[in-house]
K.L.:
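Sharing a structure here in structure tokens format.
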Amino acid sequence: MNALLGLVLAVCVTFALSESPEHGDQAPQTPPADPRVEHYEKAMRMRSRHDDSWKQQAEAVDLLVAASGLRLTPSFLDLLASKRAWTSPPEEGATELVSCMAGVWLAPDPVPGAVRELAKAFRDGEGADRHARLATCLFARAADLGDPEAQGQMGMRYAFGLHSADAWDRDGIVAFGEPDEELAMLHYYLGATGDDAYSRMALAARHAHGIGVPQSCWTAAVYYQQVAEQVASLSTRANALPMIDRVKLAVQVHSKTDKQREVLQFYQYSADKGNVDAQAAVGQVLNYGSHGVDRDHSAALHYLQKAAAAGDIEATAHLGHMHANGHGTPKDFAAARKWLQKAADANSPSGQFGLGYMYLNGLDVEEDAEAGFKLLSQAANQGSADANFYLGVMHQHGMGARKKNPSKAFHHFTMASHGGHALGMYNAAMMQLGGKGTAQACKPALSLLKQLAERGPDAAALQNANEAFFSGNYPASLTQYLQAAEMGIEAAQSNAAFILHRGYALTRGLTPNVTFALLRRSSEQANVQSSLMVADAYMYGEGVEQDWVRASAVYYEAYLDRSPHAMWNLGYAHEFGIGVPKDLAVARRFYKMARHTSKDATVAVHVATAWLAVHEWWDSALPYVPASLAGVWAAALTVQPPHTTVMGAYGDALGALMPTRALVRAEAIVGSMFAALRLPELLESLLDDGDDDGSGGDGGGGGDGEGGSGSAGGGSGFGGADTTLLLGLVATLIVVLRARQQRAAARGGAPAAAGPAPVLPVPEPVPEVEEPAGEGGSNDSARVAAVAAAQQRASSGGGRGSPDDVQADGSAR
């Protein structure tokens, strides 16, 4: 009856099942002679119960102290007032961690795992007060003792220049020092050799992108495969994998911490009022434990029963699965078959899969592989990931009186992987790596293995970081984000960079360099916002040598992804010749493309085009300026490196007066004010010249703009000076618009409607350029040459198109 289950495990490779987290390290058959080991094992059993109270976790920490022989000086009494026993004299032969933190002793022969777990307790504040500096010292000692997990933790610290105790204080990181890539790689290698999943993921991410090592898809796949195999195995156990929200702080920084729970409470309220859809939704969320909500099978059963009684088919199918698995109710195959049959008769894919599975295994029905295959096929055709996986198993091993068919097996495993099925993802990846049922291919297999590995227990660092950030503990969130970033998790890389760039964590040293490195890694994983920030870093020389040519090239790549910020910044670059030839006509077109791509850019674009009219007039007046003043006149609206505005050093000084977070808040307030005043809609109604170039009649309103005394800074990262200028120019523009409206009223009517927009040439997209391996190894000369060629075609009238073309398909046609 259970033949298929045994076959599934055989098909999905012979999994090396990791030890159950509920039991911790396996105790020897005979009691250990060393009492330290007994203390350690008992502590691990207690720490594995994640629902324990602080008191129970504190008891586990006391056991770890006994297993490691930890002793602290009385100076720690204020911090650890409830642990005065820790300050008793160290035992004979104890080792003081002088090189890291004076006043900390460990036994001459501590249990390495106990030292590591103590480090985690102090890092996370579980059973002991948080002390990040002490945690780093303990990780270093555990790594010296050969603990693989501690090796991985020290690898992360060497990679970011955090291996010195001076880089930490009690709360978290205070300074980034010089990274040591060689020692980072050594620690990662030692950790991976000792079966540490974190170290393997770090090595896989580095080989995938060529960070400190030669880029190699196959090597990365080997490291990811070892972790993905463990995750695939854990996916077959209930509650074995963590729930992880892929939050992007750049988008959700203002979200409420408990927003998802509030939504669930609303749905529960609706469900309690008799809303059938809400009952089914709440039941499924509680059954699976998704959306940040813990699993509660009993409550799930309650809501699903109500929905099923009201005729909801999916709730009916879920009830069948819960009875079959004994979730919230005793296991009952007869009841399960009744519910699943009812759902399958109503063409529910979940019901068809469940009933087909029962036929395959003879659960409360006579075993019938043909009937099972038919039901699974019906469910698979409707997108059931579970059904596709089992069909893949049947085709791979010729079950159900069918011949083996690796091609069909691969097809079904792939379809299952599209639905997020862990075993389907693993099997599809392994068939691609081995060239079975499909052509041998590394990159798609690597992508699947990476996605699967990032569901594992070590990836919970990302969720821990999210929770710490939204609770206001920014130092702890930064540490966890950096830990997840080294595993190659893009969300962690961009979030860590966000925290550093926006000043949520105040750190010294090489912070700009670390921020830039994180942004580069995130941008290589197709994060357009990170690409914009990389370009900004090149523009301003933050964390990297200032290079306007590379900045413009990266902006252009983001423009091809239809980023309005990139379009705006390219307009600014062309207006002042920053990294590209100065061309006010091309600048105007980029500004207008930004407006057509995003209505949020309306205000900024109108301000920019109004100022651009002033700029055009200023340049056109140059031939009439006396020779003695020509140089001063021409330099007045010129941007000279390293400055990025026409205000030069004064603009930099003004920007320095506004800290990053204060600037962000100011921009948010201004944005809210604009939205409340409906300023974008007002501008749309007042400016009826659409997409014209502002050269005729009263269009553009720029000819009267005498108040513009600076450049229109913008994009994704301009400083305080540009914000001040923008506000001034907005005020000027409003005055101009009011005057224009009054002139129109004096003429006895509204401004005349503009004719159809002229067809404007726009820059053509450059062909993709193959980049060499390694972080920061972009082929900038080829890319910049392609950009220059595109600019030349645009300025010479080649590649005709309009902003509407860009809005429609994302590229200049």
Side-chain angles (χ1 to χ4, degrees), residues 248 250-255 528-529 531-532 555 558-575 586-613 664 666-694 699-702 705 712-718 722-723 725-727 729-734 736-738 740-741 750-751 753-754 756-760 762-763 801-813:
K248 294 293 184 69
V251 179
Q252 298 169 270
V253 66
H254 299 298
S255 299
V528 177
Q529 182 64 29
S531 296
L532 290 171
Y555 282 139
Y559 149 70
L560 295 178
D561 289 325
R562 300 188 73 247
S563 166
H565 288 292
M567 296 172 187
W568 206 101
N569 288 354
L570 282 172
Y572 183 79
H574 276 286
E575 182 178 355
V586 174
R588 183 182 297 277
R589 289 193 287 273
F590 272 118
Y591 285 144
K592 299 244 174 147
M593 281 190 284
R595 174 188 168 193
H596 276 264
T597 304
S598 173
K599 291 299 182 183
D600 293 338
T602 299
V603 174
V605 169
H606 282 309
V607 171
T609 51
W611 164 251
L612 193 61
V664 171
E667 291 174 346
I669 292 173
V670 172
S672 300
M673 181 178 64
F674 284 174
L677 297 176
R678 303 180 66 85
L679 187 56
E681 292 83 351
L682 174 63
L683 291 174
E684 286 292 335
S685 63
L686 292 175
L687 292 177
D688 58 358
D689 55 345
D691 298 323
D692 71 333
D693 59 5
S716 57
F718 286 87
D722 305 284
T723 302
L725 285 172
L726 178 60
L727 294 176
L729 289 171
V730 167
T732 302
L733 179 60
I734 293 175
V736 172
L737 292 174
R738 172 62 66 180
R740 179 177 180 226
Q741 208 171 29
V759 178
L760 302 176
V762 295
S802 72
D804 291 321
D805 294 326
V806 176
Q807 186 182 21
D809 62 7
S811 61
R813 294 186 298 184

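FYI, side chains are in, hydrogens and waters are out, and symmetry mates aren't considered; it's all heavy atoms of this structure. This chain uses plain numbering: 1 for the first residue, then up along the sequence.
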K.L.:
Rounded to the nearest 0.5 Å, how far apart are OG of Ser598 and CE of Met567?
P.N.:
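Between atom OG of Ser598 and atom CE of Met567 there are 9.5 Å.
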
K.L.:
Going from OG on Ser563 to CG on Leu570, what distance comes out if it is rounded to the nearest 0.5 angstrom?
P.N.:
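Going from the OG atom of Ser563 to the CG atom of Leu570 covers 9.0 Å.
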
K.L.:
Is any side-chain heavy atom of Asp600 less than 4.5 Å from a side-chain heavy atom of Pro564?
P.N.:
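In short, these two side chains do not touch, never coming nearer than 4.5 Å.
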
K.L.:
Do the side chains of Val586 and Arg589 get nearer than 4.5 Å, heavy atoms only?
P.N.:
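A side-chain contact exists here, since the closest heavy-atom pair is under 4.5 Å.
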
K.L.:
Once you round to the nearest 0.5 Å, how far does CG of Asn569 lie from OH of Tyr555?
P.N.:
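Rounded to the nearest 0.5 Å, the CG-OH separation comes to 4.0 Å.
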
K.L.:
Evaluate side chain to side chain contact (heavy atoms under 4.5 Å, CB included) for Gln529 paired with Leu532, printing each intermediate quantity in order.
P.N.:
CA-CA 5 Å; Gln529 182 64 29; Leu532 290 171; 4.0 Å; yes

K.L.:
Give me the ring orientation class for His574 and Phe590: parallel if the planes are under 30° apart, tilted from 30 to 60°, perpendicular past 60°.
P.N.:
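Judged by the thresholds at 30° and 60°, the geometry between His574 and Phe590 is parallel.
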
K.L.:
Quick check: closest heavy atoms across Arg562 and Thr597, and the distance to 0.1 Å?
P.N.:
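Looking at all heavy atoms of both residues, the closest pair is O-CG2, 3.4 Å.
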
K.L.:
Might you point out which heavy atoms bring Ala587 and Gly571 nearest each other, and give the distance in Å?
P.N.:
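Looks like CB-O, 3.1 Å.
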
K.L.:
Please give me the minimum heavy-atom distance between Val605 and Tyr591, naming the atom from each residue.
P.N.:
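Smallest interatomic distance, heavy atoms only, reads CG2-O, 3.2 Å.
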
K.L.:
Return the OG1 to NZ distance between Thr609 and Lys592, rounded to the nearest 0.5 Å.
P.N.:
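It comes to 6.0 Å.
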
K.L.:
Using every non-hydrogen atom in the two residues, find where His606 and Arg595 come nearest and quote the distance to one decimal.
P.N.:
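Of all heavy-atom pairs spanning His606 and Arg595, the closest is CE1-NH1, 3.6 Å.
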
K.L.:
So which atom in Ala594 and which in Ala601 form the shortest heavy-atom distance, rounded to 0.1 Å?
P.N.:
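For Ala594 and Ala601, the tightest heavy-atom pair comes out as O-CB, 3.8 Å.
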
K.L.:
Check Trp568 against Ala608 and note the closest heavy-atom contact, atom names and distance.
P.N.:
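Where Trp568 meets Ala608 most closely, the heavy atoms are CZ2-CB, 3.8 Å.
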
